[in-house]
Amino acid sequence: MNSRLSLLLAAVLSSAAHAADPFEVFPRVLPSPAADLRPAAVCNPAALSGPLTLAHAVERALCANPATRSAWLASRLRAAELGQANSAYLPDVTISGNLGRNGDSVLPNDYTSWQIGLDAQYLLYDFGGREARSEAAESLLAASLASHEASVRDLYLQTVTAYFNLLTAQAAVVAAREVEASALAAFKAADARVGAGTSIPVDRLQSKTQYTQRQIERIRAEGTAARLQGELAALMGDASQNRFTVVDNDWAFSQTPDIDIKVDALIEAARTRRPELRAAEATLLAREAGVKSARADGLPRLSAYVDARRQDLDALAIDSSSVGVSLTIPLFTGYRNTYQIAAAQTQAALAAVDRDSVNNQVALDVWRAYYKLKSETEADSRSTDLVESAAAAEKLALGRYQAGLGILLDVLSAQASLAQARYTQLLTQLGLRVARAELAQAMGELSWDWMEPAGREGTK
């Protein structure tokens, strides 16, 4: 008996030491849940500096942003819970022992006694409760993995938007400086004409006011660019690491999706791809399994057990063992199980409502992104003509004024129109590229190919 106990104890300890994940649940939680969102590359923790491309910014965000680590840890927690639920399919084995020094009045001689025992229990049948708990844990893991993917895609879109916002802000600084230079030229021209006596002093005052206004706009544009650079750095994991410059790649999100397809068809396609909807569906399955588990908790349980022990009382040694089955029938639990079932049913109903809400949100996301892309495409096609005509008008007005043929009001008005035209063009260029990213996100098609030339295939 001692040898059998020793062998079994050694086997149990060896199994615990070498099988930390016998159900192989943790390998299912990958660092990057969607291979199309990030190429297979090792994250580079070095401080950011120098030129930064959009692809590098997105990769850094996916590596370093706390949101991705939080989602990964949440999935790992669900994986551990699945392993815990699956452990019910294995027996519970415990070993116990005691050592004592005994004596009494009948036997005045003190004696030493010790006892060691091994107990094993295995659940045979519980009306599907064990299976329901395993199904619930499996569904919750699937929901967590889908949520992980959704959080990665959201971070991808946030980084793309922040990157383009920063590009636009930096371009706005350049435009503001150009407009400021034009205002300075108008001020110098007005000052020269007033000095020559060919213009009234109010022209100089008006031009100086306009020049000062352009200086304020340039200062604000520089502040906006600095703020947006910090926001992009924060998405990449550390707002203090902002010693980088963004460089535009013309092919990043330059692909034009086919927007001739009816929006209803795009919505139906998105419902088959969006990870948020998969997460909601999996959560609903988990809650429905929870109802089955709650019902099973109020039903009988049938288990098998094995018990073996050895007791030594100095000269007397006793070996004992038993094997059998046990039946547990809950008779009255103070209506606890009744309320457990009601709570589980309510959770399932709430999960169904959440699923319908996500389903509706997916349709709304596609609808908004689709029509935003159409409007931004139309606006972008006209922004170049707007800037060209405004620049020509400003050049003509300034030349006429310098030649003494025009008035300062025409110059100031033309400069304001040019500044507004350049700002509108920047907004439409940003809006078009962000709209493409938003439609891809709404469709569940946001991938690394949008930032690489290979992504041009399959687009119009």
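On a predicted model such as this, the values are computed, not experimentally measured, just so you know.
To the nearest 0.5 Å, atom OG1 of residue Thr428 and atom CZ of residue Arg382 are 11.5 Å apart. How far CG of Leu432 is from OG of Ser375: 9.5 Å, rounded to the nearest 0.5 Å. In this structure, the separation between OG1 on Thr224 and CD1 on Ile219 is 12.0 Å, given to the nearest 0.5 Å. Note that the CG atom of Leu145 and the NE2 atom of His148 stand 8.5 Å from one another [nearest 0.5 Å]. Glu131 CD to Lys292 NZ: the interatomic distance, rounded to the nearest 0.5 Å, is 6.0 Å. In this structure, CG in Leu118 is found 14.5 Å from CZ in Arg310, a value given to the nearest 0.5 Å.
A distance-only check finds no donor-acceptor pair linking the side chain of Ser293 to the backbone of Ala289 [under 3.5 Å]. For the pair Tyr163 (side chain) and Val58 (backbone), a donor-acceptor distance under 3.5 Å is absent. Under the 3.5 Å distance criterion, the side-chain polar atoms of Ser389 are matched with a main-chain donor or acceptor of Asp385. The main-chain N or O of Val29 is never found under 3.5 Å from a side-chain atom of Arg76 such that the two would form a donor-acceptor pair. Panel note: side chain Arg214, backbone Ala176; no donor-acceptor pair is recorded below 3.5 Å. Formation of a donor-acceptor pair under 3.5 Å by the Asn359 side chain with backbone atoms of Arg355 is not found in this model. With hydrogens and angles disregarded, a donor-acceptor distance shorter than 3.5 Å links the side chain of Arg433 to the backbone of Ala252. Using a distance-only test at 3.5 Å, with no hydrogens or angles considered, a donor-acceptor pair links the side chain of Asp21 to the main chain of Val25. The backbone N or O of Leu373 lies less than 3.5 Å from a partner atom in the side chain of Thr377, making a donor-acceptor pair. With Arg436 contributing its side chain and Phe253 its backbone, the two residues share a donor-acceptor pair below 3.5 Å.
Asp264 meets the side chain to side chain donor-acceptor pair (under 3.5 Å) test with no other residue; sequence neighbours excluded. For Ala74, the side-chain contact (heavy atoms from CB on, under 4.5 Å) partners are Ser144, not counting sequence neighbours. Residues meeting the side-chain contact (heavy atoms from CB on, under 4.5 Å) test with Gln345, sequence neighbours left out: Val291, Arg295, Ile341. For the ring-ring contact (aromatic ring centres under 6.0 Å, His included) test, residues two or more places apart in sequence or in another chain that qualify with Phe127 are Tyr125. Judged as a ring-ring contact (aromatic ring centres under 6.0 Å, His included), and not counting sequence neighbours, the contacts of Tyr371 are Trp367. Scored by the side-chain contact (heavy atoms from CB on, under 4.5 Å) test, Ala296 finds no partners at all (sequence neighbours excluded). Residues satisfying the side-chain contact (heavy atoms from CB on, under 4.5 Å) test with Pro51, not counting sequence neighbours, are Thr245, Val247. In this view, Phe244 satisfies the ring-ring contact (aromatic ring centres under 6.0 Å, His included) rule with no residue, not counting sequence neighbours.
Counting heavy atoms from C-beta on, the side chains of Asp380 and Glu376 never come closer than 4.5 Å. Residues Arg274 and Val358 have side chains not in contact (no heavy-atom distance under 4.5 Å, counting atoms from C-beta outward). Two residues are said to be in side-chain contact when any heavy atoms from C-beta on lie closer than 4.5 Å; Gln115 and Arg309 meet this criterion. Between Thr283 and Asp354, every side-chain heavy-atom pair lies at or beyond the 4.5 Å cut-off. Annotation: side chain of Ser303 is not in contact with side chain of Leu124 (no heavy-atom distance under 4.5 Å). Proximity of Leu364 to Arg368: side-chain heavy atoms (C-beta onward) are separated by under 4.5 Å at one or more points. Residues Leu299 and Asp126 have side chains not in contact (no heavy-atom distance under 4.5 Å, counting atoms from C-beta outward). Inter-residue side-chain proximity for Tyr156 and Ser447 is flagged as unmet; no heavy-atom pair is nearer than 4.5 Å.
Ala169 approaches Leu228 most closely through the heavy-atom pair CB-CD1, 3.6 Å. When every heavy atom of Ser134 is checked against every heavy atom of Leu82, the shortest pair comes out as O-CD1, 3.8 Å. In terms of heavy atoms, Leu430 sits closest to Phe164 at CD1-CB, 3.0 Å. The minimum heavy-atom distance between Val160 and Ala437, with the atom names listed, is CG1-CB, 4.0 Å. Across all their heavy atoms, Arg271 and Leu277 have their closest contact at O-CD2, 3.3 Å. Closest approach of Leu302 and Leu123 over heavy atoms only: O-CD1, 3.5 Å.
Within 6.0 Å of CZ on Arg227 lie more than 12 heavy atoms contributed by other residues, nucleotides or ligands. Shown here is Arg273, whose CZ atom has more than 12 heavy atoms of other residues, nucleotides or ligands within 6.0 Å.
Both cation-pi conditions hold for Arg130 and Tyr122: the charged atom is under 6.0 angstrom from the six-membered ring centre and inside a 45 degree cone around its axis.
Sorted by first and then second residue, the ring pair (Phe, Tyr, Trp, His ring centres under 6.0 Å) pairs with a member in residues 43-71 form an empty list; sequence neighbours excluded. Applying the ring pair (Phe, Tyr, Trp, His ring centres under 6.0 Å) rule to pairs touching residues 272-297 yields nothing, sequence neighbours excluded. Applying the salt bridge (Lys or Arg N to Asp or Glu O under 4.0 Å) rule to pairs touching residues 78-88 yields Arg78-Glu81, sequence neighbours excluded.
Using a cutoff of 4.0 Å between basic side-chain nitrogens and carboxylate oxygens, Glu268 and Lys262 are not scored as salt-bridged.
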> Run the salt bridge (Lys or Arg N to Asp or Glu O under 4.0 Å) check on Glu222 and Arg177 step by step: do they pass?
Replying inline: CA-CA 10 Å; Glu222 291 172 345; Arg177 289 171 179 170; 2.9 Å; yes
>> Under the criterion side chain to side chain contact (heavy atoms under 4.5 Å, CB included), I'd like the reasoning laid out for Glu438 against Leu157: C-alpha separation, chi angles, the key distance, then a yes or no.
In response: CA-CA 7 Å; Glu438 289 178 349; Leu157 179 61; 4.2 Å; yes
>> For Glu281 and Leu285: C-alpha separation, side-chain torsions, deciding distance, then whether side chain to side chain contact (heavy atoms under 4.5 Å, CB included) applies.
In response: CA-CA 6 Å; Glu281 293 280 3; Leu285 292 176; 5.8 Å; no
>> Checking Glu378 against Lys374 for the salt bridge (Lys or Arg N to Asp or Glu O under 4.0 Å) test, could you report, in this order, the C-alpha distance in whole Å, the side-chain angles of both residues, the deciding distance, and whether it holds?
In response: CA-CA 6 Å; Glu378 289 289 330; Lys374 292 193 71 171; over 6 Å; no
> Could you go step by step and tell me if Trp450 and Leu54 meet the side chain to side chain contact (heavy atoms under 4.5 Å, CB included) rule?
Replying inline: CA-CA 10 Å; Trp450 284 96; Leu54 176 59; over 6 Å; no
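With hydrogens and angles left out, the side-chain atoms of Asp154 and Gln441 include a donor and acceptor closer than 3.5 Å.
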List the atom pairs, with distances to 0.1 Å, where a side-chain N or O of residues 332-340 and a protein N or O form a donor-acceptor pair under 3.5 Å, not counting sequence neighbours.
unit_1	atom_1	unit_2	atom_2	d
Asn337	ND2	Ala294	O	2.7
Asn337	ND2	Gln340	OE1	3.4

